[in-house]
Colleague: 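Right, I'll just put the structure down here and ask away after.
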There are 2 protein chains.
Amino acid sequence: MSTAQALVARNGASALSLREVARELNMASSAIYRYFATRDELLTTLIVNAYNDMGAAVEKADAKLSTAGHRERFVGVARAVRRWALRHPHDYALIFGTPVSGYVAPAGTIVAATRVSAVLGRILSQAEADTTTASPSAAERAMVDVDAVTAVTGPLSGPRVIDALSAWSAIYGLISFELFGHFVGSVKKNDTFFDAALHSWADRFGLPN
Amino acid sequence: MSTAQALVARNGASALSLREVARELNMASSAIYRYFATRDELLTTLIVNAYNDMGAAVEKADAKLSTAGHRERFVGVARAVRRWALRHPHDYALIFGTPVSGYVAPAGTIVAATRVSAVLGRILSQAEADTTTASPSAAERAMVDVDAVTAVTGPLSGPRVIDALSAWSAIYGLISFELFGHFVGSVKKNDTFFDAALHSWADRFGLPN
DNA sequence: TAGAATCAAGAGCAGTGCTCGCATTTTTTG
DNA sequence: CAAAAAATGCGAGCACTGCTCTTGATTCTA
């Protein structure tokens, strides 16, 4: 398992070879099939691990910021996501890159997958609790499963639950563009650019400070 | 070439087999190597094609909206991007998904790659021209290559060149999350959600109407 | 028309995921 | 404690992949 992890970290998921992990383990390639029915099953396990690793890292960063203001916390958590991505590019690609072949997200992944978006959502929910909370409109309920979201984030007003999802996907977009090279030629300092984009989001959310 | 295109559209890029396109063409697999030195070279060609296909589609949509207001145009063009992605999911993944292996973007791709971001940038530039244009600050110039961006978009004020890049990556984030399944369980109506998120961006840019 | 450049074929190499039958260990059970 | 049962591993082998190399046609060109 950890052997496969290391190989992915070195060469990327697409290059992961069942026979190679077998070799590294001094096993026959066929022996691996006692533990993983198929190569995709191995990858799925790796995906869950990666989700949890990222989730743990982000939760830890959030815990350290528990006394900070909402803006600082929001930006700090997003930074933690980016930092994890830069440190584990292949795991990041494994999670957020092109899904393999047919791919339907196995049930086991979904709980691990929500860990980091939950942290971000909770911050926004708490920031909102300091002001007012208008309940979501019918139109908003039609396009988003408000209950499913607020079950993990805490209460969020209508526009904000939309913006929260939008912000999370935007953070993903920023990191992916950086990591996958789509900012080459336009963005020069990725750190400060990321921060600037995030503060713009914080402005949008009206986060103080 | 178009055979490979069709196979990618059917099975995705990772499953593209040189031997399969050879079979489809009633050729020996070795004959393909007269035209493409390696599988990656074939894929690179497909990437350029996909970029241009998407660029053409978006430019066409923009042309149809030439008489519309800036907000309508901005939203309309973004919708065109999404529509193209939904219609060509494998080509989209080929462009914006996990870059293959070592991957350094070949020189040929970059011009094709900027076509759609250029359209979006031009709209924002023109919208700004209707109001005022403050030139970018030193801090902004430090993190973004302003000249490279404005060379293709037209003049943009400092904060806006950052927000424009941020918006483009956010649009990518929205589409990718939808296409790669990360919105499953939270977003119910992808169309209206996408529109809502975009109008939120239009608000941020102060686009009238 | 002769020479040269191009195009295609086929055999073959090393690698892959995966299956199957057989042996060996380990664990459970009577 | 011994026997049955389950788990674990091995090696050969199949069909597939990207890619190389040599050989044979075809077509363009001087």
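Just so we're on the same page: letters track the sequence lines, and every chain starts at 1.
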Colleague: Looking at A:Arg39 and A:Leu16, would you say the former's side chain and the latter's main chain have a donor-acceptor pair under 3.5 Å?
Modeller: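 Checking the backbone N and O of A:Leu16 against the side chain of A:Arg39, a donor-acceptor pair under 3.5 Å is found.
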Colleague: For every nucleotide of nucleotides 13-22 of chain C, 5' to 3': is a protein heavy atom under 4.0 Å from its base (B), only from its sugar-phosphate (S), or from neither (-)?
Modeller: ---BBBBBB-
Colleague: Taking it one step at a time, do B:Arg71 and B:Asp203 satisfy salt bridge (charged side-chain N to carboxylate O under 4.0 Å, His left out)?
Modeller: CA-CA 9 Å; B:Arg71 184 186 208 93; B:Asp203 293 342; 2.3 Å; yes
Colleague: For DNA chain D, which nucleotides open and close the run of contacts to chain A, 5' to 3', at under 4.0 angstrom from a non-hydrogen atom?
Modeller: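 Terminal contacting nucleotides, 5' to 3': D:dT8 to D:dG13.
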Colleague: Hey, is A:Asp195 close enough to A:Arg79 for a salt bridge, meaning N to O under 4.0 Å?
Modeller: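 Judged by the 4.0 Å cut-off on N to carboxylate O distance, A:Asp195 and A:Arg79 do form a salt bridge.
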Colleague: Residues in ring-ring contact (aromatic ring centres under 6.0 Å, His included) with A:Phe177, at least two apart?
Modeller: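 For A:Phe177 the ring-ring contact (aromatic ring centres under 6.0 Å, His included) partners, ignoring immediate neighbours, are A:His182, A:Phe183, B:Trp168, B:Tyr172.
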Colleague: Please step through side chain to side chain contact (heavy atoms under 4.5 Å, CB included) for the pair A:His88 and A:Met54, ending with a clear verdict.
Modeller: CA-CA 9 Å; A:His88 309 83; A:Met54 177 176 73; over 6 Å; no
Colleague: If we ignore hydrogens and angles and just use 3.5 Å, is the side chain of A:Thr192 paired with the main-chain N or O of A:Lys189 as donor and acceptor?
Modeller: yes
Colleague: Looking at B:Arg82 and B:Asp191, is there a salt bridge between them, counting it only when a charged N and a carboxylate O are closer than 4.0 Å?
Modeller: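 A salt bridge is present here (some side-chain N lies under 4.0 Å from a carboxylate O).
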